[in-house]
J.: 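Attaching a single structure in structure tokens format; questions to follow.
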Amino acid sequence: MNALNETHDPDVRSWVPSAQAPGCDFPLQNLPFAVFRRRGSGQAWRGGVAIGDQVLDLAALAQAQLIQTADPLAAQALAAAAQDTLNDFMALGPAHWSALRRALWRLLREGSAEQPALQQRGLVPQAQAEYRVPARVGDYTDFYTSVHHATHIGRLFRPDNPLLPNYKWVPIGYHGRASSLVVSGTNFKRPRGQLMPPGAAQPTVGPSKRLDFELELGVYIGPGNALGEPIRIDQAEAHVFGLCVLNDWSARDIQGWEYQPLGPFLSKNFATSVSPWVVTLEALAPFRLPFTRPAEDPQPLPYLDSAQHRLRGALDIQLEVLLQTPTMRQAGQAPARIAQSNYRHAYWTLAQMVTHHAMGGCNLQAGDLLGTGTLSGPKPEEAGALIELTRGGQQPLTLPSGEQRTFLEDGDAVVLQAWCESPGLARIGFGICEGQVLPATPAA
Ligand code: CA
């Protein structure tokens, strides 16, 4: 786990003025990575780092050879991070990530001798940038780490027995679909599928009527493990590059019919959105929390437990869901907040997900993506999905426009946000993960 160092010092400012703006997601202490280009330019994709409202162009930086002689580790990391996908950079591991972070911090801090050169050809305004999924994701696995979400959903399906007995022992997950991962801002069609109306004798086929979002964080794997070699819990975070915001769009009616006995399939594989920016674990180091387990619950099995993990295994990341209907958009009304939560409520941590995933010998690879599962908190208004917020569609939400929603309608946009904030520390933001529902393809 990362120690605090000069790059976390909240008092150091950047020469990019917007990095100091109140509420800015991307101060000097963050330095998250993305893959970007100038919007509509057809330019080559390349790695970038967010600073204030700008993107530092890593390909331009690599060309300028500003950090080559100073630090060979940082120069090697820069060459990898400047590519059109971050897989090679993710594969390098914590020593390289840390060296590049420190080098970038020095270039971007106030008083840097490189300011004039970078100002001239190193920055692209975020308002003029477009992004893509920052890694070639070979495999995507979605977990189910919120006990509150699992209990609330379970209660809708099984009122007497909401939480299945394995939940408090096994970090539950399923192998998802990587091909339909899309970057924030990509709109997607409402899926069609098999639906089993209540009381009907046979299913119908049509557009989902119970389309939902899921508020999650995504976890990009760094260096992988060899096939057959598990990952010990105290090594797990050395295999984690960083985190993004993730929306696991879900069709609840398709899910309800198809999920037994092998779990979600078409209800989840039509689109999963990720934020463009990946926040490194090192940037999140000031926001570590102890991992705790209620005394009345089973304690984690030894392979999922350690003293170090108990000390700092969890993370304090605030989460928020906003919704904007077409009517609100036309009236110029901003998206309205419909839920707030925090990653601290998760029952299973990052390290536990990684260690459990690999325990049987499954090989994780650089650029693989893990979803945390819907990060609902204990209170009703902390639910990370409409199915929970509306009690299975029984209690509609009323929006500031006066409109009501149980599930998503065509044209609705969902915006997920995540950030870390604490007195005396720089705010570490993730940017947004946004997507809009388009009408389903008409029946053939
Ligand atoms: Ca999910």
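Computation of the quantities below employed the complete heavy-atom set of this structure, encompassing side-chain atoms and omitting hydrogens, waters and symmetry-equivalent molecules. One is the number of the first residue; the rest follow in order along the sequence. The shown structure was predicted, so the numbers you read here are calculated from the model rather than taken from an experiment.
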J.: Can you tell me if S98 and E282 form a side-chain donor-acceptor pair at under 3.5 Å?
T.: yes

J.: Just by distance, with hydrogens left out, do Q404 and T398 show a side-chain donor and acceptor under 3.5 Å apart?
T.: yes

J.: Please determine, by modelled atom types, if E258 and S267 share a side-chain donor-acceptor pair under 3.5 angstrom.
T.: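 Note: E258 and S267 side chains meet the donor-acceptor criterion.
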
J.: Using a 6.0 Å distance limit plus a 45 degree cone around the ring axis, check whether R132 lies over the aromatic ring of F36.
T.: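 Relative to the ring axis of F36, which defines the angle, R132 lies outside at least one limit.
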
J.: Answer yes or no: is there a donor N or O on one side and an acceptor on the other, between the side chain of Q352 and the main chain of L304, under 3.5 Å?
T.: yes

J.: Compare all side-chain heavy atoms of Q417 with those of Q318 and state whether any distance is below 4.5 angstrom.
T.: no

J.: Test the R293-Y347 pair against the cation-pi criterion, namely NZ or CZ under 6.0 angstrom from the six-membered ring centroid and within 45° of the ring axis.
T.: yes

J.: Can D305 and R310 be said to form a salt bridge (Lys or Arg N to Asp or Glu O under 4.0 Å), step by step?
T.: CA-CA 7 Å; D305 203 1; R310 286 198 178 240; 2.9 Å; yes

J.: Looking at R46 and D84, is there a salt bridge between them, counting it only when a charged N and a carboxylate O are closer than 4.0 Å?
T.: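 The answer is no: the pair does not qualify as a salt bridge.
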
J.: Does the side chain of Q76 come under 3.5 Å of the side chain of H96 through a donor N or O and an acceptor N or O?
T.: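 There is such a pair between these side chains.
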
J.: Please determine, by modelled atom types, if D253 and S208 share a side-chain donor-acceptor pair under 3.5 angstrom.
T.: yes

J.: Would you say R192's side chain and G206's backbone share a donor-acceptor pair under 3.5 angstrom?
T.: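 Side chain of R192 to backbone of G206, a donor-acceptor pair under 3.5 Å: no, none is there.
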
J.: Look at D297 together with K168 and state whether they make a salt bridge at an N to O cut-off of under 4.0 Å.
T.: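 A salt bridge links D297 with K168.
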
J.: Under the rule for side-chain contact (heavy atoms from CB on, under 4.5 Å), what residues qualify as partners of T390, not counting sequence neighbours?
T.: L386, L397

J.: Quick one: do R252 and E214 make a salt bridge, cutoff under 4.0 Å?
T.: yes

J.: My understanding is that only one of F430, F33, F26 makes a ring-ring contact (aromatic ring centres under 6.0 Å, His included) with W277; could you say which?
T.: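 Going through the options one by one, the only one that passes is F26.
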
J.: Determine yes or no for a side-chain-to-main-chain donor-acceptor pair under 3.5 angstrom, with S18 supplying the side chain and D53 the backbone.
T.: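 Flag set: sc S18 to bb D53 pair under 3.5 Å.
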
J.: Does CZ in R136 sit with more than 12 non-hydrogen atoms of other residues, nucleotides or ligands closer than 6.0 Å?
T.: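 Result for CZ/R136: open.
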
J.: Any luck finding a side-chain donor-acceptor pair between T325 and E409 under 3.5 Å?
T.: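 The criterion, which ignores hydrogens and geometry beyond distance, is not satisfied for E409 and T325.
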
J.: Hey, does the side chain of R190 reach the backbone of L438 with a donor-acceptor pair shorter than 3.5 angstrom?
T.: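 Pair absent, no side-chain N/O of R190 close to backbone of L438.
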
J.: Could you check whether any side-chain N or O of D368 sits under 3.5 Å from a backbone N or O of D139, counting only pairs where one atom can act as donor and the other as acceptor?
T.: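 A pair under 3.5 Å: yes.
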
J.: Would you please say whether a donor-acceptor pair under 3.5 Å links the side chains of H8 and Q29?
T.: no

J.: Is atom CZ of R391 surrounded by more than 12 heavy atoms (other residues, nucleotides or ligands) closer than 6.0 Å?
T.: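 Not more than 12 within 6.0 Å, no.
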
J.: Step through the shown structure and confirm whether more than 12 heavy atoms of other residues, nucleotides or ligands are within 6.0 Å of CZ on R329.
T.: yes

J.: Would you please test L315 and T349 for side-chain contact (heavy atoms from CB on, under 4.5 Å) and show each step?
T.: CA-CA 8 Å; L315 279 162; T349 64; over 6 Å; no

J.: Counting C-beta onward and ignoring hydrogens, is there a side-chain heavy-atom pair between L100 and V49 closer than 4.5 Å?
T.: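 Contact flag for L100/V49 side chains = no.
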
J.: Does E320 use its side chain to pair, donor to acceptor, with the backbone of L416 at less than 3.5 Å?
T.: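 Such a contact is absent between E320 side chain and L416 backbone.
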
J.: Any side-chain heavy atom of D248 within less than 4.5 Å of one from Y140?
T.: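 Yes, at least one pair of side-chain atoms sits under 4.5 Å.
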
J.: Do F241 and T280 have side-chain heavy atoms sitting under 4.5 Å apart?
T.: yes

J.: Going by the angle between their ring planes, with limits at 30° and 60°, are Y144 and Y167 parallel, tilted or perpendicular?
T.: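 Answer is perpendicular, since the angle exceeds 60°.
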
J.: Are the side chains of P203 and L195 in touch, meaning some heavy atoms are under 4.5 Å apart?
T.: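 Answer no - side chains too far apart.
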
J.: Within the distance-only criterion (no hydrogens, no angle test), does the side chain of S273 pair as donor or acceptor with the backbone N or O of V182 below 3.5 angstrom?
T.: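 Not at all, since once roles are kept as given, no pair shorter than 3.5 Å links the two residues.
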
J.: Strictly distance-based, threshold 3.5 Å: is any side-chain N or O of R39 a donor or acceptor partner for the main-chain N or O of A127?
T.: yes

J.: Around F265, counting heavy atoms of other residues, nucleotides and ligands shown, do more than 12 lie under 6.0 Å from its CZ?
T.: no

J.: Are L215 and N247 side-chain neighbours, meaning at least one heavy-atom pair lies under 4.5 Å?
T.: no

J.: Check for a donor-acceptor pair, side chain of N30 on one end and backbone N or O of G429 on the other, with a separation under 3.5 Å.
T.: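 Side chain of N30 to backbone of G429: a pair is present.
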
J.: Sequence neighbours left out, what passes side-chain hydrogen bond (donor to acceptor under 3.5 Å, both in side chains) with H345? Give chain and number order.
T.: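 Expected list: none.
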
J.: Main chain of A226, side chain of N363: is a donor-acceptor contact present, judged purely on distance under 3.5 Å?
T.: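 Not at all, since once roles are kept as given, no pair shorter than 3.5 Å links the two residues.
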
J.: After noting the C-alpha distance and the side-chain angles of V137 and Y220, does the key distance pass the side-chain contact (heavy atoms from CB on, under 4.5 Å) rule?
T.: CA-CA 9 Å; V137 178; Y220 283 98; 4.2 Å; yes

